[in-house]
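These figures come from a predicted structure and were not determined experimentally. Because only heavy atoms are used, hydrogens play no part in the values below, and waters and symmetry mates are left out as well, while side chains stay in.
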Amino acid sequence: MDLFENFFRSAFSVDPVVFGFDEGDLKVLLIYRGADPYKGTWALPGDLVRMDEELDESAKRVLKDLTSLSNLYMEQIRTFGRVDRHPLGRVITVAYLSIVRISDYKINPSSWAKEAQWHSVSKLPDLPFDHSEILSFAKTKLKERVRNQPIGFELLPPHFTLTEIQHLYESILEINLDKRNFRKKLNSMDLLVDCEKSQHAVAHRPAKLYRFDNKRYRALLKKGFSFEI
């Protein structure tokens with residue numbers, strides 16, 4: 001009986017990884033922990049799963065409790081279960097991936113999250129637990145997605161320049177793309193619609209603005225494509 005009881009001495013948690021894009025930079029949402037363990041550190045907005053919760057519902061609740069964000073599409077991407085990943089005992093966590101347009105959401109930290117902020121993926125603080133490993137895996141999944149599905153609709157403003165969409169791909173893929181080849185690839189996808197207007201109140205020469213063809217975008221989301229340059 002004692003051996004059987006040991007199997008019920010593990011806990012589960014959820015760790016949402018929420019990516020956004022702003023000012024030409026890929027960002028991730030972090031909270032400043034106001035509770036132990038690792039009090040006083042920046043971390044992914046995760047917490048323990050309640051006994052009466054389904055995993056997906058727990059992920060939604062935790063994100064809302066800590067950051068006020070709700071109505072986000074999140075998908076499970078991997079389970080992390082290293083024995084020593086949590087200092088207080090055996091905690092197995094399920095990571096979730098979400099991609100949002102930052103300007104569409106207002107963040108308000110609550111509960112034991114003292115702060116909630118977007119952090120540049122290229123300039124992250126040291127993260128507790130195995131959150132660096134989780135974030136690294138989430139970035140890999142994001143790279144896979146950007147090569148096989150359009151994701152700009154979730155990250156870019158409604159109207160954007162060709163430079164902005166190129167910066168989006170470059171920040172996710174962590175590579176520099178040739179402008180001519182990139183634009184040739186975009187044109188071949190027949191995905192963009194010319195808004196017939198340009199930027200205004202900018203210090204440089206105003207660039208033309210584009211939007212996504214929603215019907216074409218949804219079709220590519222469903223069937224996928226190969227975005228290799």
Side-chain angles (χ1 to χ4, degrees), residues 16-30 63 67-75 97-108 115-124 135 138-229:
V17 182
V18 184
F19 287 114
F21 186 72
D22 187 42
E23 299 178 350
D25 196 15
L26 182 67
K27 297 185 177 181
V28 65
L29 182 60
L30 300 179
L63 191 63
T67 70
S68 79
L69 293 186
S70 60
N71 299 320
L72 272 64
Y73 172 76
M74 292 189 287
E75 65 174 282
L97 173 65
S98 185
I99 306 168
V100 303
R101 184 183 296 155
I102 289 178
S103 60
D104 287 349
Y105 296 91
K106 184 177 181 180
I107 301 168
N108 289 307
E115 295 182 57
Q117 293 181 5
W118 293 101
H119 289 247
S120 172
V121 170
S122 63
K123 300 176 182 177
L124 290 174
L135 181 54
K139 284 172 59 181
T140 298
K141 297 299 290 185
L142 186 60
K143 288 180 181 180
E144 292 175 1
R145 177 170 297 181
V146 79
R147 292 182 185 277
N148 294 285
Q149 287 184 322
I151 64 169
F153 190 85
E154 289 82 2
L155 292 168
L156 291 168
H159 298 160
F160 50 85
T161 67
L162 294 179
T163 297
E164 285 175 322
I165 193 171
Q166 181 170 338
H167 285 168
L168 168 64
Y169 274 77
E170 289 177 333
S171 64
I172 293 174
L173 297 174
E174 298 180 299
I175 58 175
N176 292 321
L177 297 171
D178 178 79
K179 185 166 91 171
R180 180 178 297 180
N181 289 338
F182 179 79
R183 294 186 178 187
K184 182 178 179 181
K185 181 67 175 183
L186 276 182
N187 289 332
S188 71
M189 294 163 61
D190 196 25
L191 182 59
L192 303 183
V193 176
D194 189 340
C195 296
E196 298 185 355
K197 57 183 179 180
S198 300
Q199 294 173 304
H200 60 87
V202 292
H204 51 79
R205 180 181 177 182
K208 293 180 65 174
L209 293 173
Y210 295 83
R211 64 176 174 83
F212 289 110
D213 181 320
N214 287 339
K215 185 176 180 180
R216 175 66 173 161
Y217 191 94
R218 299 304 171 192
L220 288 177
L221 272 179
K222 183 176 294 186
K223 73 176 186 179
F225 60 87
S226 177
F227 197 93
E228 296 294 341
I229 299 179

Would you say the side-chain atoms of [X] pair up with the backbone N or O of [Y], donor to acceptor, closer than 3.5 Å?
X	Y	answer
S68	K106	yes
Q149	G224	no
R147	L173	no
Y217	F153	yes

Query raised in the report: Could K208 and D194 be called an ion pair, given the rule that one side-chain N must be under 4.0 Å from one carboxylate O?
Result: yes
Query raised in the report: Could you walk me through whether Q117 and L30 pass the side-chain contact (heavy atoms from CB on, under 4.5 Å) check?
Result: CA-CA 6 Å; Q117 293 181 5; L30 300 179; over 6 Å; no
Requested in this report: Applying side-chain contact (heavy atoms from CB on, under 4.5 Å), run through D213 and D190 and close with a yes or a no.
Outcome: CA-CA 8 Å; D213 181 320; D190 196 25; over 6 Å; no
Requested in this report: Side-chain contact test, heavy atoms from C-beta onward, threshold under 4.5 Å: evaluate it for S122 versus E174 and give yes or no.
Outcome: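 Result no, sub-4.5 Å side-chain heavy-atom pair not found.
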Could you measure the distance from the [atom1] atom of [X] to the [atom2] atom of [Y]? Nearest 0.5 Å is fine.
X	Y	atom1	atom2	value
E154	F19	CD	CZ	14.0 Å
W118	L26	CH2	CG	9.5 Å
F160	R211	CZ	CZ	9.5 Å
S98	L63	OG	CG	7.5 Å
T67	E115	OG1	CD	14.0 Å
E164	H167	CD	NE2	9.0 Å

Query raised in the report: Is it true that atom CD of E144 has more than 12 heavy atoms of other residues, nucleotides or ligands lying nearer than 6.0 Å?
Result: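 Result for CD/E144: enclosed.
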Query raised in the report: How far apart are the C-alpha atoms of I151 and L142, what are their side-chain angles, what is the distance that settles it, and do they pass the side-chain contact (heavy atoms from CB on, under 4.5 Å) test?
Result: CA-CA 9 Å; I151 64 169; L142 186 60; 4.0 Å; yes
Query raised in the report: So which of L220, L156, V193 actually passes side chain to side chain contact (heavy atoms under 4.5 Å, CB included) with F212?
Result: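 Result for side chain to side chain contact (heavy atoms under 4.5 Å, CB included) with F212: L156.
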Requested in this report: Quickly, which of V100, I172, I102 forms a side chain to side chain contact (heavy atoms under 4.5 Å, CB included) with L155? Name it, please.
Outcome: I172
Quick one: closest heavy-atom pair of [X] and [Y], and the distance?
X	Y	answer
A116	I107	CB-CG2, 3.3 Å
E170	L177	OE2-N, 2.9 Å
A138	V17	CB-CG1, 3.7 Å
D178	Q166	C-NE2, 4.3 Å
F182	L162	CE2-O, 4.3 Å
S198	P206	CB-CB, 4.1 Å

Query raised in the report: Do we see a donor-acceptor contact under 3.5 Å between the side chains of T161 and T163?
Result: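 Per modelled atom types, T161 and T163 side chains form no pair under 3.5 Å.
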Report task. Test side-chain contact (heavy atoms from CB on, under 4.5 Å) on L221 and R218 and set out the steps. Result -> CA-CA 5 Å; L221 272 179; R218 299 304 171 192; 3.2 Å; yes
